[in-house]
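By convention in this document, chain letters (A, B, ...) are assigned in the order of the sequence lines, proteins followed by strands, and residues within each chain are numbered from 1.
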There are 2 protein chains.
Amino acid sequence: MSSCDTCVVRNRAICAGLDNREIETLNSIGRRRTVTAGEPLIWEDDDSLLVANVIEGVLKLTTSTEDGREQIVGVAYPSDFIGRPFGQTSSASVVALTDARVCVFSRNDFDRFAREHPELEHKLLERTLAELDRTRSWMMLLGRKNASEKIATFLLEMSDRLAETGCTPAFGPARRFSLPFSRQQVADVLGLTIETVSRQFTKLKNDGVIELPSRREVEILNRGALVALAG
Amino acid sequence: MSSCDTCVVRNRAICAGLDNREIETLNSIGRRRTVTAGEPLIWEDDDSLLVANVIEGVLKLTTSTEDGREQIVGVAYPSDFIGRPFGQTSSASVVALTDARVCVFSRNDFDRFAREHPELEHKLLERTLAELDRTRSWMMLLGRKNASEKIATFLLEMSDRLAETGCTPAFGPARRFSLPFSRQQVADVLGLTIETVSRQFTKLKNDGVIELPSRREVEILNRGALVALAG
DNA sequence: CACCCGCGTTGACGGATGTCAAAAACGCAA
DNA sequence: TTGCGTTTTTGACATCCGTCAACGCGGGTG
């Protein structure tokens, strides 16, 4: 029996739609792996050796300059696909933000399997197009929004993306959630410094827009205000 | 005889690799169009009705806020594919920067054709993955680079991208080229203001790194210096 | 040739955000 | 509980870049 049978993202990941025989084959070239929070899975500019499906947990995709500045260019949630198929090197590092479980494939094996299964390539294409859309709207944020607009947009996005985690089935956006990011990582997502992020959080708290029960917890008290601020 | 026979991007666009019968079919659902500089081809948030191949010219992909701030999120050159297949709305407007010729398809027709031709979908996937890589490295620029790093990176990218245009076959990066952007558009690519762009250009000129023969012309005098500045 | 209009440049100034440093809060383990 | 190391917050200050305004250049037109 293949471990895919019990996979919680079986129907949401790109594997969805494959028949039993195909799943069997895919299963035979992939393997489960756990990644602990902070542990890297893929290195920037490395030979792109791995691709993977996220089963559980959250991972960040980052690029860095030589002098150590970092920008988070993407965030992968359960059922997301990570890595760079059909290419020699990956343009981003992948590091776990929380403890995570992934289903990894050697890039070569995956490429070969994908080329033989157009339906899977189609799913991958749809995902990649959607990711490109998201990335482009994030460029708008990075290039043209100020600090408070960035923070408001970020909190709304988090509240959407984290809606389904926390055991509640997706009932619209989450009012209260636990950030998978440290303050520094929030800064790395938004192109800000940790101090500016901290000040903006404090300001929103003082203005009664959000509550901050603990370092990682956020509760949205006035969603309308956030939407207005996000611009 | 199909107009594809004489198409200058026939071997570089996603059409490459299709056999004669397939080209015939594709040709029957597409049509040539010219777009004059400044003219829009696709509207942001519009129903995504069109997709297209760029034959000649340069086009910008932009997103805007309600209050009129604009961010250029992509630039399309000859043989590039534009538009959003397999989705209801497009997340960016497409506007011609120069007079351009494109080969347009109704999204529905194209989607149907693509789903029946895995090889074409594969090409589209490879392109989309490459575009995502480029977009992510641009996020690094927007989020973490300062004005002079942005300008230096931009000039180097232009010199690479515009290498083949101007009739010379691609002999490495162009030393001298004509920008398809106004100063305001350069600002919209880099997340800066027109004044900052202008000042940085002047500074590079005064430092002997570049020459500016006219408003749109750029000549790189000291490429090494640009590379160092780009960071 | 002169005029005009749009685009680009330059200057003066202010403010948002980055930088540096110290204090505070938190999490964890003994 | 206490103590320690890390993360976060807060404050003072610096600076880069945006804003506003004036000027200049260049191309097109009468």
Does [X] reach the side chain of [Y], with side-chain heavy atoms less than 4.5 Å apart?
X: A/Arg183; Y: A/Phe201; result: yes
X: A/Phe154; Y: A/Val197; result: no
X: A/Gln88; Y: A/Arg107; result: yes

Quick one: [X] [atom1] to [N] [atom2], roughly how many Å, whole number?
X: A/Lys203; N: D/dT9; atom1: NZ; atom2: P; answer: 16 Å
X: B/Glu149; N: C/dG18; atom1: CD; atom2: C1'; answer: 14 Å
X: B/Arg183; N: C/dT10; atom1: CZ; atom2: P; answer: 10 Å
X: B/Arg144; N: C/dG18; atom1: CZ; atom2: C1'; answer: 11 Å
X: A/Lys150; N: C/dG18; atom1: NZ; atom2: C1'; answer: 12 Å
X: B/Leu212; N: C/dC7; atom1: CG; atom2: P; answer: 19 Å
X: A/Ile194; N: D/dT7; atom1: CD1; atom2: P; answer: 9 Å
X: A/Leu190; N: C/dG18; atom1: CG; atom2: P; answer: 11 Å

Does [X] have a side-chain nitrogen or oxygen under 4.0 Å from the phosphate oxygens OP1 or OP2 of [N]?
X: B/Ser214; N: D/dG26; result: no
X: A/Thr193; N: C/dT19; result: no
X: A/Thr202; N: D/dT9; result: no

ask   = If each of B/Val197 and A/Asn146 is mapped to the nucleotide of DNA chain C with the nearest heavy atom, which maps nearer the 5' terminus, i.e. the 5' end?
value =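 Closer to the 5' end of DNA chain C: B/Val197.
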Give a yes or no on whether a donor-acceptor pair under 3.5 Å exists between the nucleobase atoms of [N], that is its base, and the side chain of [X].
X: B/Arg199; N: D/dT19; result: yes
X: B/Arg215; N: C/dC7; result: yes
X: B/Glu195; N: D/dC17; result: no
X: B/Gln184; N: C/dC7; result: no

inquiry  = Let me spell it out: for each of A/Lys205 and B/Leu192, pick the nucleotide of DNA chain D with the closest heavy atom. Which residue's pick is nearer the 5' end?
reply    =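 This one resolves to A/Lys205.
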request  = Just do the ring pair (Phe, Tyr, Trp, His ring centres under 6.0 Å) check on B/Phe110 and B/Phe86 with the steps written out, would you?
outcome  = CA-CA 9 Å; B/Phe110 180 85; B/Phe86 312 118; 7.3 Å; no
query = Counting any heavy atom closer than 4.0 Å, what does A/Ser182 reach on the DNA or RNA strands: base, sugar-phosphate only, or nothing?
reply =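 Sugar-phosphate, backbone atoms only, no base.
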Under 3.5 Å: donor-acceptor pair, side chain of B/Asp160, backbone of B/Pro173 =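 The answer is no, because no donor-acceptor pair under 3.5 Å joins these two groups.
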